[in-house]
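Take a look at the structure set out below.
Letters go in sequence order (proteins before strands), and every chain restarts at 1.
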2 protein chains.
Amino acid sequence: AGPEEQESYFSREFLHRMSEKRTDSQWLAAKQSSPETVFLLFFNLNPLVTAPADEAASGGSDMKLCRLRLPSVEELLRRGDTMVVFLGVEKLPESHSSSAQKDGDDGLTAWFALNTEQNPMDHLRSVDAQSFFLKPPMPGLLTLCENDAGVLAQARAVLAWHSRYSFCPTCGSATRADEGGHKRTCLQADCKSLQGIHNTCYPRVDPVVIMLVIHPDGNQCLLGRKKIFPPGMFSCLAGFIEPGETVEDGVRREVQEESGVRVGPVQYIACQPWPMPSSLMIGCHAVAVSTDITVDEHEIEEARWFTRQQVIDAFVKRGRPPFVLPPRQAIAHYLIKHWIGINANL
Amino acid sequence: AGPEEQESYFSREFLHRMSEKRTDSQWLAAKQSSPETVFLLFFNLNPLVTAPADEAASGGSDMKLCRLRLPSVEELLRRGDTMVVFLGVEKLPESHSSSAQKDGDDGLTAWFALNTEQNPMDHLRSVDAQSFFLKPPMPGLLTLCENDAGVLAQARAVLAWHSRYSFCPTCGSATRADEGGHKRTCLQADCKSLQGIHNTCYPRVDPVVIMLVIHPDGNQCLLGRKKIFPPGMFSCLAGFIEPGETVEDGVRREVQEESGVRVGPVQYIACQPWPMPSSLMIGCHAVAVSTDITVDEHEIEEARWFTRQQVIDAFVKRGRPPFVLPPRQAIAHYLIKHWIGINANL
Ligand SMILES: Nc1ncnc2c1ncn2[C@@H]1O[C@H](COP(=O)(O)O)[C@@H](O)[C@H]1O
Ligand SMILES: Nc1ncnc2c1ncn2[C@@H]1O[C@H](COP(=O)(O)O)[C@@H](O)[C@H]1O
Ligand SMILES: [Mg+2]
Ligand SMILES: [Mg+2]
Ligand SMILES: [Mg+2]
Ligand SMILES: [Mg+2]
Ligand SMILES: [Mg+2]
Ligand SMILES: [Mg+2]
Ligand SMILES: [Zn+2]
Ligand SMILES: [Zn+2]
């Protein structure tokens with residue numbers, strides 16, 4: 001990562017994806033039967049985790065994904081309904097690069113993610129009795145350590161795609177998973193999806209804009225709350241980028257739709273993968289050119305301008321904070337914090 | 001658009017999308033039978049256009065989308081296999097805002113896009129004899145005027161989604177278009193896609209990173225060519241963002257995969273919708289931390305470092321330019337031009 005780049009939760013690339021191995025079925029098969037390989041297990045997209053030993057000390061956070069080995073998952077791997085996705089290999093120290101070629105083995109530790117829709121507990125061997133499936137996804141998925149959150153983001157997004165896209169959108173036929181779980185191929189021989197390259201065969205990533213809107217006076221920001229938010233919480237507005245739209249126009253459209261506020265200049269700040277199921281949150285600061293608020297009640301319960309001082313109070317939780325911030329794992333938190341840290345006039 | 005924002009081809013929001021009207025089927029029906037309404041027609045995703053009157057003068061560019069009216073398309077609208085997408089309404093001058101309420105009409109001019117997979121020529125009435133379907137998409141789609149390119153980007157991307165996603169990816173059943181063509185709903189009553197909100201029901205936008213990689217010396221940039229490029233053309237590297245990945249990590253991964261070059265800091269510059277079929281090109285500058293090139297021959301025919309002077313020569317087409325730049329309509333062109341315009345040291 002570059003020096004000024006913000007590392008967001010879910011974004012750490014703990015593994016090297018090695019996409020060139022996805023088409024090497026022999027290599028993938030060898031890794032899938034290697035005792036060194038790490039398997040992560042999901043049950044209906046919920047990951048198997050263990051709580052830290054001293055849960056009290058860590059406040060229940062820093063949950064670990066269970067790193068299973070071949071003997072634990074052998075039976076699951078044999079079942080036809082287990083989805084298997086190749087995630088990548090552990091990164092080697094720079095020095096180590098192209099050495100480690102012992103007995104035809106490349107010395108690389110591969111990771112795979114498995115998902116099943118039937119309770120896998122009876123089919124697992126030698127699994128820590130303390131482990132459990134983390135569910136529902138929120139806020140459980142925000143309690144992982146940074147490395148595991150990064151691996152989970154890839155794993156859960158690709159597995160969620162398989163679970164919702166198992167039929168060919170072009171012809172309705174069944175499809176099969178290919179290329180280490182990074183592609184699906186239609187089983188109907190004369191399907192148009194098989195002529196040329198089509199996105200129907202590849203995992204879907206939904207670009208979303210999420211923005212902190214700054215008041216024309218430079219000293220207030222616009223935050224909104226959805227009905228489903230915890231009590232008192234306000235966060236950035238956000239919405240899906242539409243076909244044929246830029247990031248900047250998406251920001252202006254969504255802010256106008258949800259709050260009635262008109263926006264001028266937009267500045268990209270940072271982004272975050274959000275694997276529920278597979279969004280790319282593109283975080284921006286935006287400068288309002290109007291200030292009247294009319295909320296879209298389908299989406300937003302309330303939207304308000306908060307002063308810089310109110311936002312600072314919410315951060316330091318001084319007195320009775322005027323509102324609750326989104327959790328630090330969400331890019332909204334960073335967009336707000338970043339604003340507080342920079343000059344009042346954008 | 002903000003003062004410093006680059007307007008890219010395909011990005012102009014000539015219409016106001018008015019997404020709140022997508023669920024107002026009465027309003028949509030009224031507009032579809034209004035004589036004021038503008039219809040754009042596509043045949044297998046190729047738009048009906050007319051060449052400018054003085055084609056010689058304009059060099060064959062600035063093609064116009066044909067703006068059809070109700071009498072021309074009435075028969076097509078009645079056919080069940082014509083896909084209809086509501087694009088938005090013409091923007092009103094600020095002053096005009098909420099006036100113009102005559103006879104229950106809101107005074108707004110709506111635009112729709114129609115696509116058919118059967119030659120529609122026999123079903124059209126009173127269409128300019130000079131009009132024709134622009135195909136294949138490239139480079140034809142780059143010859144529109146800016147307003148039309150912006151409308152086309154939305155229209156073609158949504159229509160392309162309907163043409164490839166007419167079956168439910170979750171259960172394989174047929175689906176029907178809803179909400180003015182901005183949603184598809186599964187027809188199988190107990191489909192999981194009908195419980196909760198799922199991206200299977202909404203148009204797909206694929207985020208892509210496209211990047212100009214700058215040499216560590218600050219005076220060269222990395223360009224590559226695909227086999228399908230016109231002779232001599234070199235452009236920026238690009239690739240699909242993967243699930244669980246940030247823009248910045250996508251840049252680093254794709255550059256490494258395609259050229260072997262390692263990248264450090266990444267900076268967002270500008271973006272562009274690319275409706276073939278529906279990508280969002282996220283344009284960045286990136287600084288290399290290594291310089292040896294090893295191309296991935298599946299994707300890239302050749303990749304090379306070009307000096308600033310060579311790039312300038314390509315722009316001014318001085319002498320025998322060392323390579324051909326991508327067309328000005330592509331964000332790659334802007335990323336390269338922007339680099340030439342800024343200080344040598346990023
Ligand atoms: N890819 C998508 N996934 C889920 N919902 C979508 C998607 N695209 C559009 N929507 C719609 O957008 C709404 C959320 O609004 P917003 O996030 O503000 O764009 C959802 O309730 C859906 O109706
Ligand atoms: N959404 C997608 N649409 C088309 N091709 C994709 C997509 N995602 C991954 N691919 C693959 O990516 C290749 C192009 O490589 P790149 O653009 O460098 O990522 C294609 O040939 C496909 O194999
Ligand atoms: Mg919205
Ligand atoms: Mg939206
Ligand atoms: Mg929203
Ligand atoms: Mg690539
Ligand atoms: Mg790629
Ligand atoms: Mg590429
Ligand atoms: Zn098919
Ligand atoms: Zn269905």
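The residue among B:Ser11, B:Ser8, B:Cys171 with the most heavy atom pairs within less than 4.5 Å of chain A is B:Cys171. Of all the listed residues (B:Asp296, B:Val289, B:Val247), the one sharing the greatest number of non-hydrogen pairs under 4.5 Å with chain A is B:Val247. Of the residues considered (A:Gly244, A:Pro273, A:Pro169), A:Pro169 shows the highest number of contacts with chain B, using heavy-atom pairs under 4.5 Å. No other option in A:Pro275, A:Ser166, A:Ser278, A:Ala160 has as many heavy-atom pairs under 4.5 Å with chain B as A:Ser166. Residue with the most contacts toward chain B among A:Arg17, A:Lys192, A:Glu248, A:His198: A:Arg17 (heavy-atom pairs, distance under 4.5 Å).
Residue contact with chain B, scored on non-hydrogen atoms closer than 4.5 Å, involves the backbone and the side chain of A:Pro203 alike. Heavy atoms of A:Ser163 lying under 4.5 Å from chain B belong exclusively to its backbone.
The closest side-chain heavy-atom distance from B:Tyr268 to A:Ile282 is not below 4.5 Å. Side-chain contact between A:Asn199 and B:Tyr165 is present, with heavy atoms from C-beta onward closer than 4.5 Å. Residues A:Arg253 and B:Glu13 fail the side-chain proximity criterion, which asks for heavy atoms closer than 4.5 Å. Between A:His16 and B:Gln256 there is a side-chain heavy-atom pair separated by less than 4.5 Å. Contact of the A:Leu280 side chain with the B:Ile241 side chain is registered, since non-hydrogen atoms from C-beta on lie closer than 4.5 Å.
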Could you please spell out the steps behind the side chain to side chain contact (heavy atoms under 4.5 Å, CB included) verdict for B:Gln154 and A:Glu245?
-> CA-CA 7 Å; B:Gln154 183 197 172; A:Glu245 191 174 59; over 6 Å; no
Criterion side chain to side chain contact (heavy atoms under 4.5 Å, CB included) on B:His298 and A:Glu20, from CA distance to verdict | CA-CA 10 Å; B:His298 294 293; A:Glu20 71 273 21; over 6 Å; no
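Other residues, nucleotides and ligands contribute only 12 or fewer heavy atoms inside 6.0 Å of the NZ atom of B:Lys135.
In this structure, B:Thr246 contributes its side chain and A:Cys271 its backbone to no donor-acceptor pair below 3.5 Å.
Of residues 174-184 of chain B, no residue lies under 4.5 Å from chain A by any heavy-atom pair.
In this structure, the separation between CZ on B:Arg204 and OH on A:Tyr202 is 10.5 Å, given to the nearest 0.5 Å.
Using a 4.0 Å cut-off between charged nitrogen and carboxylate oxygen, B:Glu242 and A:Arg22 count as a salt-bridge pair.
Inspection of the B:Glu257 and A:Ser19 side chains reveals an N or O donor paired with an N or O acceptor under 3.5 Å.
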